[in-house]
Chemist: 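Would you mind keeping the following structure in view while I ask a few things?
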Amino acid sequence: MFRKILSPFARLFEFHARTHYRTERHSMALTLGIIVAAGVGGFVEIAPLFTIDETVEAAPDMRLYTPLEQAGRDIYIREGCYACHSQMIRTLQDEVDRYGPYSLAVESQYDHPMLWGSKRTGPDLARLGNKYSDDWHVRHLVDPRAVVPESVMPQYAFLLDRTLETESLPDRLAALRAVGVPYSDEQIDNADADARGQARPDTDAADGVSKRYGDATSVRHFDGQRDRVTEMDALVAYLQILGGLTDAAFANQPPGED
Amino acid sequence: MMERLTGAERQIALMICVVMAIVGLVMAAAGRGDPMGSHGAIVLIAAGIVTCFVLRAIGEPEPAEDRTTSYYDDPTKAGLVIALFWAVVGMGMGVWVAAQLAWPDLRFDAAWSSFGRIRPVHTSGVIFGFGGNALIATSYHVMQRTSRARLAGHVSPWFVLLGFNLFCIVAASGYLMGVTQSKEYAEPEWYADIWLVIVWVVYFVLYIRTLARRNEPHIYVANWYYLAFILVVAILHIVNNLAVPASLTGAKSYSAFAGVQDAMTQWWYGHNAVAFFLTAGFLGMLYYFLPKRAERPIYSYRLSILSFWGIVFFYIWAGSHHLHYTALPQWVQTLGMTFSVMLLVPSWASAGNALMTLNGAWHKVRDDATLRFMMVAAVFYGLSTFEGSFMAVRAVNSLSHYTDWTVGHVHAGAMGWVALITFGSIYSVVPLLWKRETMYSWKLVEWHFWLALAGTVIYVFAMWNSGIVQGLMWRTYTDSGTLAYSFTDTLVAMHPYYVARACGGALFLTGAILAAYNVYMTIRHAPEKRPERDYPTSSEATEPAVPAAE
Amino acid sequence: MSVKERDPLTGHQTTGHEWNGITELNTRVPRAVWFFIIVTHIWALVYWVLMPAWPLVNTFTRGLLGIDQQVQVDKRVAAADATRSLWADRIAALSLDEIRDDPVLVSHVDQTAPALFGDNCAACHGSRAEGGPGYPSLVDDAWLWGGDDETILETLRVGINAPHPDTRYAEMPAFGRDGMLDRDQIRVVAGYVQSLAGLHSGAPPERLEEGAALFADNCASCHGEDGTGMHDLGAPNLTDSHWIYGGSDEALFETIYGGRQGWMPAWENRLTEAQRKMLAIYITSLADEGPE
Ligand code: HEM
Ligand code: HEM
Ligand SMILES: [Ca+2]
Ligand SMILES: [Ca+2]
Ligand SMILES: [Cu+2]
């Protein structure tokens, strides 16, 4: 019975094996065969993600990263935080209970690259924004084990001493626009000043930030140092906006546990 | 090493060095104050060193012998030595990375030594430095032997090997400086990516041209795998690394894709880096060195065909199993999961084909640690692909994802399969290449085998435990229906496993150091022996009739 | 080389090739391989029919079961909410004292609160709520805003200096930076504060008198004439031995020079009312046990 089911397949394979025997003498045939066989899957899985509209939800309230937050994101990447922290709450009950509403595609719509992560040595950070104070973040980054004795996270005290490099921010925002983030000319031109203004509420530059990125933007001394803008300012500003670019995820899901 | 180049070839080599030096200089000047400047300096120095080598040979007499009567093994030899160097560096980094998770203060008070920066030095160091060099070196060896033809070129093999290592050095030094695109296994920045494309195209052309010279009508299975490795890695690399640099004088760039599309592209790449770098390439190694060492015919040609095309076709679809339950649309997850499961059959077919090939040679497996390396590698290959297909099932992945279970799976594949098959191949090819009777010490090979096996087993068991414990703790509910453990509770539970893993890794590293020592001593001190019949024969083999299955 | 040989061991025929000594047998693909190919393919086919699977240009096949991971988890979370609400609703409705009197509810609190505290509060207040530099202990009986249940619950809901419309504001002014006191005056008043707390400040009596005067002028409005603090303002008692930021010379100087503005997050949007109540019961029970 089993043999019967198999026999047409066996004949097909026999034919295939013989054809193969002839074609495996031609390196270009092999090359072509490999490209075709390996090409299909990727195309079928990736291309439709650009054409099927419902892949990315609509979020009219979606806002962009400010230059300071983007600079912080670049530091997050530079330090390899993604090696330990995910930013992707999966559609599983325990993750929703622990971290909040599951992540939507639209929330990382402007993330070039995405930082969903593949390992949770530390907790997920997708909804971290406003969960802790700036001060806590600074202390924690300076010495994680001073606040969480069980932590295995590295110390990043040097961020407090490093002045944030902001001159390249207009270029960076322009590159982001080139890949699809809708920054305006004005936002790009003022990126340098805006980055510093967001961490210096006492300066004139601060007004520009609220004007260009909305009144809800946090303008604070993120690192607690009033007279300078450091890499710590940028990183903390970024951490405090995580999950705060849009409320879309909260719209269709009940908040929190219970 | 360059004496076997003709005068014209030496000049070409010199020209390439000069061009590289200029590129390095321009990068160093334009990228001042940015890590790109340091990379320019590295390129400049590398070009300088190679120039010295070429210049030393430039006055030497031209090679007298007829070069087509022998194989060109110098680049292979260099590649193997470099691979061993990277093995020690990359695994040393692995042990350090592991130690930091057990004892987080075991580092310098400097930015470069933090976990996030040295972890990719480990992953790239072992995958690209160790694995990549071993693949390039053995592919040179295998394609010449199975084609009975000398490499099609003398400069290009060096260009590929050294160019690839330049990529590795730029990558590793970049991570320490914080230069990364954050895409796992594709972290190097845009200029390194472009450079790798150039190197890879030359590699492909070299491969295809050597195949074209062959004196065998048929292309051996090992070469199918090497070819798939070269081709598909090129496609993956180019697409996943599409990015726009913030400026041409700086390292920073932004991925062309964002969010969900970026995630899918990244794991289409990431999974198939596993498939075509860590699997296809090493299957090429397995298919040559295992039957060679066992002196047994491949168990089944037909099974080879089935598993090869199965692997090439099915693997590509499986990438989305890295994104189960995420914001990636569920239909893609379904495809990733089903194809991963269908993939199991060709995977096991290739592992089975290798193990069945050993039928009639099991006494050799018992006595010969080198062959045992390859046998155990095939077993771990079967094991990790089974585990992979299992973890690709959504329900299982909901537990394993984000935990150390993944890390355990990775190392069952990476240590048990990739590293063991490589060491087995190195031990069987080194005496041949350096024309030695045997390895310097078979006892050290034996020691290495047991250290590697023990290290792998300890590592993998520790991570299975820690992964499953952590995954379960995350999802444990109390009778009240509320979460039972906080995240910090799980950290405390992980600690003993992290210590065990660091110990297992240290054993494995010790083995790798023994291997490097043994190879060094073999080159230096083992008695010489001329191998019989290791040269190209140009007589065109005749074509056997199409065989029928029995 | 082109002669098909038979392998003496297995009796199988080779394909007739040899590559540098390697030959291949032409063995049939074992039956088991075909079997598993068929099984896995059939399974995949069934799965594709039932679940969302294949992309079409603008849409995809949804599968006969009509399953969607987001809808599924929404349902699961809602179902779990419903089960929990059997007791959680009562917790939300009752006062803390009433809950403490109900052993069933207390057992739910005991099971739930430690992990909840660990995931949300321990980062600042420590795993046993013992506090740390900059973060108050919740187990001593020194309360900034008063230790009664209502106050604690309100603090949890709105936070302190947090981005919440009703948040509590607690501001220790920056007397030094904002030029209200000079450095010497700060040292003097700091010495006085140390003496209030019974710490040995080593300051001569006339300096203490000067300090008392400065304190009465600048500080008493918030910390009270006697320095015992004011719950309405969240101004701490300076006469006890419980410090948030520390009672050393340097810590006090920094506090008075630069001011303090502790940031306690608002939990209204992150935690439900029942969760906040469980936490309040948990920390007050720890407080009753006292610091370890
Ligand atoms: C001396 C032996 C080794 C040790 C101690 C070691 C240790 C580690 C550690 C600690 C990590 C990080 C895991 C984490 O983030 O939690 C890691 C990741 C990794 N290692 Fe190794 N490793 C060793 C050998 C190897 C070898 C030989 C390979 C490849 C050929 C390899 C490939 C990888 C890969 C691909 C990852 C990334 C895994 C992931 O992202 O899930 N390792 N290794
Ligand atoms: C049939 C073959 C295989 C399948 C179906 C498979 C499947 C998987 C799955 C499901 C994951 C976990 C993804 C996640 O939850 O994040 C994974 C991770 C991984 N596997 Fe495999 N695996 C296979 C073979 C191998 C082999 C042979 C290696 C050899 C080294 C390997 C290396 C890796 C690596 C490096 C990762 C970690 C990726 C990351 O950084 O997250 N896999 N694989
Ligand atoms: Ca990973
Ligand atoms: Ca890259
Ligand atoms: Cu995978």
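Lettering follows sequence order; numbering is per chain, from 1.
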Chemist: Name the option with the most non-hydrogen atom pairs under 4.5 Å to chain A; the candidates are V492(B), L211(B), T403(B).
Modeler: T403(B)
Chemist: Among H20(A), M28(A), E165(A), which residue has the highest count of heavy-atom pairs closer than 4.5 Å to chain B?
Modeler: H20(A)
Chemist: Between K252(B) and S168(A), is the side-chain contact (heavy atoms from CB on, under 4.5 Å) condition met? List the steps.
Modeler: CA-CA 10 Å; K252(B) 184 72 194 165; S168(A) 68; over 6 Å; no
Chemist: With chain A, which of I235(B), V312(B), T476(B), T488(B) has the greatest number of heavy-atom pairs at distances under 4.5 Å?
Modeler: V312(B)
Chemist: What part of V244(B) is in contact with chain A, defined as an atom under 4.5 angstrom from a non-hydrogen atom: side chain, backbone, both or neither?
Modeler: both
Chemist: Considering only heavy atoms, which portion of L491(B) lies under 4.5 Å from any heavy atom of chain A: side chain, backbone, both, or neither?
Modeler: side chain
Chemist: Just wondering, do W331(B) and I52(A) contact through their side chains at under 4.5 Å, heavy atoms?
Modeler: yes
Chemist: With only heavy atoms counted, which part of R117(B) is less than 4.5 Å from chain A, the side chain, the backbone, both or neither?
Modeler: both
Chemist: Based on non-hydrogen pairs under 4.5 Å, which of I35(A), T31(A), V148(A), V40(A) is most in contact with chain B?
Modeler: T31(A)
Chemist: With rounding to the nearest 0.5 angstrom, report the CG to NZ distance, L115(A) to K183(B).
Modeler: 10.5 Å
Chemist: Is there a donor-acceptor contact under 3.5 Å linking the side chains of Y402(B) and D124(A)?
Modeler: no
Chemist: Could you have a look at A178(A), S118(A), S27(A), S86(A) and say which one has the most heavy-atom pairs with chain B under 4.5 angstrom?
Modeler: S118(A)
Chemist: Do you see a donor-acceptor pair shorter than 3.5 Å between the side chains of Q155(A) and R107(B)?
Modeler: yes
Chemist: Between T121(A), I46(A), T55(A), D74(A), which shows the greatest number of heavy-atom pairs under 4.5 Å with chain B?
Modeler: D74(A)
Chemist: When you compare the side chain of M114(A) with that of F257(B), does any pair of heavy atoms fall below 4.5 Å?
Modeler: no
Chemist: Most heavy-atom pairs under 4.5 angstrom with chain B, which of E95(A), E45(A), R78(A)?
Modeler: E45(A)
Chemist: Which heavy atom of S114(B) sits nearest to which heavy atom of P154(A), and what is that distance?
Modeler: CB-CB, 3.9 Å
Chemist: Looking at K119(A) and E184(B), is any side-chain nitrogen of the basic one under 4.0 Å from a carboxylate oxygen of the acidic one?
Modeler: no
Chemist: In this structure, which one of F313(B), F308(B), W224(B) forms a side-chain contact (heavy atoms from CB on, under 4.5 Å) with I34(A)?
Modeler: F308(B)
Chemist: Is there a side-chain contact between V44(A) and W317(B) in this structure, where contact means two heavy atoms from C-beta onward sitting under 4.5 Å apart?
Modeler: yes
Chemist: Picking from L231(B), V407(B), D34(B), which has the most non-hydrogen pairs under 4.5 angstrom with chain A?
Modeler: L231(B)
Chemist: Classify the ring geometry of Y21(A) against H218(B): parallel below 30°, tilted from 30° to 60°, perpendicular beyond 60°.
Modeler: tilted
Chemist: Do side-chain atoms of Q261(B) reach the backbone of L49(A) as a donor and acceptor pair under 3.5 angstrom?
Modeler: yes
Chemist: If I measure from the heavy atoms of chain A, does Y485(B) come under 4.5 Å with its side chain, its backbone, both, or neither?
Modeler: backbone
